[in-house]
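To start, the structure under review is shown below, and the notes come after it.
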Amino acid sequence: MNRFSAFPPSQLLLRILAAALAAAAVPMLASAQEKQAGKDEKDETMTISAEQMTGRPDREVHLERDVEVTRGPMTINADKATYNILDDEVDAEGNIRMRRFGDRYTGDELKLKMDTGKGYVTNPTYSLERNGAAGSADRINFLTQDRATVVDGTYSTCEGPDPDWYLKASTLDLDSGRDVGFARTAIVYFKGVPVLGTPAMSFPLSGARKSGFLPPTIGTTNKGGLEVTVPYYVNIAPNRDLTFFPKIYAQRGIQWGGEGRYMGETYVGQTKVEALFNDRQTKTNRYAISSTQTHNFAPGFSYVWNINAASDDEYPTDFSRTITASSQRLLPRDLALNYAAPSGYWSAVARATNYQVLQDPLAPIVRPYDRLPQLTVQATRFDVNGFDWNLTSELTRFWHPELLRGDRFVVSPKVAYPFIRPGYFLTPRLSLNATRYHLDNVPAGSETELSRVLPTLSLDGGLVFEREAPFFGRPMTQTLEPRLFYVYTPYRDQSAFPIFDTAEADLSFAQLFSENRFVGNDRISDANQLTAALTSRYIEADGAERVRIALGQRFYFTEQRVTLGAARNDTRSDVLLSAYGRLTAALSAEGNLQYSQTQHKMSRSNFGARWNPAPKSVLNLVYRRDLLNNLEQAEVSGQWPLSRRWYGVGRVNYSLPDRTVAEGLLGVEYKADCWVFRIVGQRIPTSAAAATSALFFQLELNGLTRLGSNPLDVLRTSIPGYQVVNQPSNP
């Protein structure tokens with residue numbers, strides 16, 4: 001092949017032709033991504049090669065045999081072509097092969113204006129670089145560098161001439177600039193069978209969001225029968241969107257709903273509203289509202305709201321599919337105004353909170369107190385001549401429609417002088433809790449004004465020993481960390497004080513090193529006690545913790561007289577033992593024990609192990625036992641390849657005392673090269689005597705849509721370590 005050699009014998013003519021082509025070449029507009037890369041195509045020149053060239057160098061050039069025309073990111077190959085210099089246009093025919101901004105096309109005939117990218121190709125095939133999609137058509141019209149219309153064509157992300165699925169449409173608009181495809185008179189075929197027909201549909205050309213109808217979701221539950229949802233998504237801006245949906249319940253009617261999400265530099269929020277008018281089963285109107293927002297509206301100032309409401313007690317049972325939502329019986333309504341001083345030394349919060357209680361008749365709960373309002377101020381300074389200072393003050397109005405009401409004012413200053421040195425630490429701390437109550441609607445003869453002032457002295461100290469020690473043949477650092485924590489608080493009779501927001505804390509390692517056995521300010525525990533703990537760790541050179549073992553217990557030197565029940569004369573708490581180990585890269589295990597030496601039995605225990613030998617292969621085993629709450633459960637969950645393309649997913653939470661499955665999930669996934677099929681069944685408890693069963697079917701056509709119901713959120717929530725089978729594995 002000769003380049004610009006078709007005008008023998010004159011080399012002068014060749015130079016004139018090359019100069020004319022270079023001068024006449026008009027650069028094409030770059031795509032948005034290439035513009036961002038900063039590529040200047042004004043300097044791009046055209047390169048033409050062929051076995052034979054004829055024509056006029058100032059008008060047009062005729063090219064024959066092995067033709068190649070290149071400018072910037074565009075290359076055209078053909079059997080023969082004509083380049084019109086004045087119009088900057090190429091006409092080509094025979095074995096057309098074109099590469100256009102990474103996309104590839106073939107065809108019989110092509111006409112294209114090189115400066116605007118406008119033109120067409122007949123009988124084409126195409127392949128898109130961005131998502132690997134391909135197809136064929138009667139004709140493709142190029143409107144700009146970013147936009148093309150496929151006429152009577154197909155679209156699929158499957159490879160090969162006989163794809164498992166494809167979209168066939170009368171016209172198919174591909175807009176790479178907006179990352180959207182839009183099909184008219186479209187039919188989706190799967191394995192040669194039409195599975196979806198629609199007069200119009202849009203889809204993303206990558207994973208980006210786009211406006212339009214989302215694929216319908218289909219499922220079934222024992223509470224509503226067959227469910228069909230047809231959502232419409234509005235991509236308002238990169239930082240806000242709306243989703244509207246009608247959901248058809250075969251046994252109840254049509255539920256209408258909408259969800260909006262928005263965020264900016266100083267705010268983020270989400271609101272969801274759904275309503276079903278004249279439920280055919282209950283003959284009532286049903287609705288639910290959920291809204292959250294955080295907004296930093298001025299320097300140091302922000303507000304937060306969390307508002308939830310439902311029409312009736314059975315709403316979460318009848319309309320929720322997830323274990324979290326279906327078991328939620330306390331719906332908070334919370335509004336807070338926050339201020340943080342520029343110095344960072346103090347902050348203030350004004351809050352109003354109340355709750356809607358969705359009662360389960362077989363497991364009723366007591367409505368919590370409303371806080372109307374609650375004012376909190378907190379100030380903290382560290383290392384002021386070696387001292388750490390903290391002051392917390394709180395004024396709360398507690399309101400309840402049936403129980404005792406009143407105001408509580410708390411002031412709690414603390415001062416500590418920590419000694420922190422390599423190998424040890426020692427922190428003496430002195431604190432004071434001053435509380436005053438003003439009570440309403442008290443029984444006759446009871447006091448309306450109550451007060452309490454209690455000091456607390458604590459001393460927290462520990463040592464850290466280190467040595468080099470091998471672990472399964474690997475060099476590591478082993479630590480030995482003994483720790484003692486002493487607390488003294490004098491006794492004060494508090495039996496006349498109300499219980500607004502206080503409960504006894506569960507025993508844990510964090511609670512062992514707390515000065516108060518209670519959560520809340522209505523009770524301050526009397527204390528003359530010592531906590532002793534010992535921790536040992538194996539730490540790798542990069543700082544990763546390979547093994548951790550901890551043992552701890554609290555010893556009481558006097559009787560515990562301040563309680564929420566009868567006085568306790570225990571001399572020691574239960575023993576806590578915790579262990580964690582990442583035994584290999586694939587296997588980790590964790591266990592926690594709470595043993596009562598006085599009763600000689602295990603109060604609480606839980607053990608768990610995870611085996612994750614490969615991507616999309618995880619097995620979790622958990623055992624829980626809590627004699628204090630009459631709970632004993634064994635749980636197995638996992639995702640596991642059954643064959644090269646089949647994956648099993650499941651979770652079984654079995655209650656040993658009841659000899660029944662408390663929660664269950666079982667399903668399979670099939671991963672082909674360009675599609676995934678999932679079928680998942682789930683059973684979740686929604687009240688003490690009721691459960692919801694749901695069945696999910698989903699066919700995911702990679703790069704186009706998901707047909708059926710969506711079990712992915714359920715799988716991620718139920719199976720720790722679950723990975724979507726058609727996405728890259730986590731590192």
Does a side-chain heavy-atom distance below 4.5 Å link [X] with [Y]?
X: L330; Y: V357; result: yes
X: F500; Y: H400; result: no
X: S718; Y: E663; result: no
X: Q293; Y: Y303; result: yes
X: V366; Y: E402; result: no
X: W165; Y: T157; result: yes
X: Q633; Y: L631; result: yes
X: R408; Y: T435; result: yes

Looking at [X], I'd like to know if its [atom1] atom is crowded, meaning that more than 12 non-hydrogen atoms belonging to other residues, nucleotides or ligands lie closer than 6.0 Å.
X: W399; atom1: CH2; result: yes
X: W389; atom1: CH2; result: no
X: W346; atom1: CH2; result: yes
X: R147; atom1: CZ; result: no

Quick check: closest heavy atoms across [X] and [Y], and the distance to 0.1 Å?
X: A309; Y: R333; result: CB-NH2, 3.7 Å
X: T427; Y: P418; result: OG1-CB, 3.7 Å
X: N239; Y: G264; result: ND2-CA, 4.3 Å
X: N516; Y: R523; result: ND2-O, 3.1 Å
X: A183; Y: L167; result: CB-CD2, 3.8 Å
X: F101; Y: E129; result: O-OE1, 3.8 Å

[X] and [Y]: side-chain donor and acceptor closer than 3.5 Å?
X: T292; Y: N306; value: no
X: N433; Y: S412; value: no
X: D279; Y: T284; value: no
X: E394; Y: T396; value: yes
X: D501; Y: Y369; value: no
X: Y315; Y: E274; value: yes

Let me see the working for Q359 and I365 under side chain to side chain contact (heavy atoms under 4.5 Å, CB included), right down to the final yes or no.
CA-CA 7 Å; Q359 290 287 4; I365 56 178; 3.7 Å; yes
Does R252 qualify as a cation-pi partner of F319, given the criterion of NZ or CZ under 6.0 Å from the six-membered ring centre and within 45 degrees of its axis?
yes
Considering residues at least two apart in sequence or located in another chain, which fulfil the side-chain contact (heavy atoms from CB on, under 4.5 Å) criterion with T353?
D334, R351, Y355, R371
Set of side-chain contact (heavy atoms from CB on, under 4.5 Å) partners for V304, sequence neighbours left out:
T294, N338
Could you grab the distance from atom [atom1] of [X] to atom [atom2] of [Y], nearest 0.5 Å is fine?
X: T229; Y: Q255; atom1: OG1; atom2: CD; value: 8.0 Å
X: Y233; Y: F244; atom1: OH; atom2: CZ; value: 12.0 Å
X: Q682; Y: L695; atom1: CD; atom2: CG; value: 10.5 Å
X: F697; Y: L699; atom1: CZ; atom2: CG; value: 12.5 Å
X: L701; Y: Y155; atom1: CG; atom2: OH; value: 11.0 Å
X: R240; Y: N235; atom1: CZ; atom2: CG; value: 11.0 Å

All side-chain hydrogen bond (donor to acceptor under 3.5 Å, both in side chains) counterparts of E504, not counting sequence neighbours
R568
Evaluate the side chain to side chain contact (heavy atoms under 4.5 Å, CB included) criterion for residues T198 and V188: first the C-alpha distance (whole Å), next the side-chain angles of each, then the deciding distance (0.1 Å), finally the verdict.
CA-CA 9 Å; T198 177; V188 178; over 6 Å; no
Go through it in stages, so that I can follow the logic: the residues are V714 and Y722, the test is side chain to side chain contact (heavy atoms under 4.5 Å, CB included), and I'd like the CA-CA distance, side-chain angles, deciding distance and then a yes or no.
CA-CA 10 Å; V714 172; Y722 170 82; over 6 Å; no
Can D173 and R184 be said to form a side chain to side chain contact (heavy atoms under 4.5 Å, CB included), step by step?
CA-CA 9 Å; D173 296 331; R184 296 177 179 84; 2.6 Å; yes
With a 3.5 Å distance limit and no angle check, can you tell me whether [X] reaches the backbone of [Y] through a side-chain donor-acceptor pair?
X: Q639; Y: V618; answer: no
X: E314; Y: D360; answer: no
X: N612; Y: A614; answer: yes
X: S176; Y: D146; answer: yes
X: N620; Y: R610; answer: no

Can you classify the ring geometry of Y339 versus F301 as parallel (below 30°), tilted (30 to 60°) or perpendicular (above 60°)?
tilted
Can a salt bridge be assigned to the pair D318 and R286 using a cut-off of 4.0 Å between side-chain N and carboxylate O?
yes
Answer yes or no: is there an ion pair linking R429 with D388, defined by an N-O contact shorter than 4.0 Å?
no
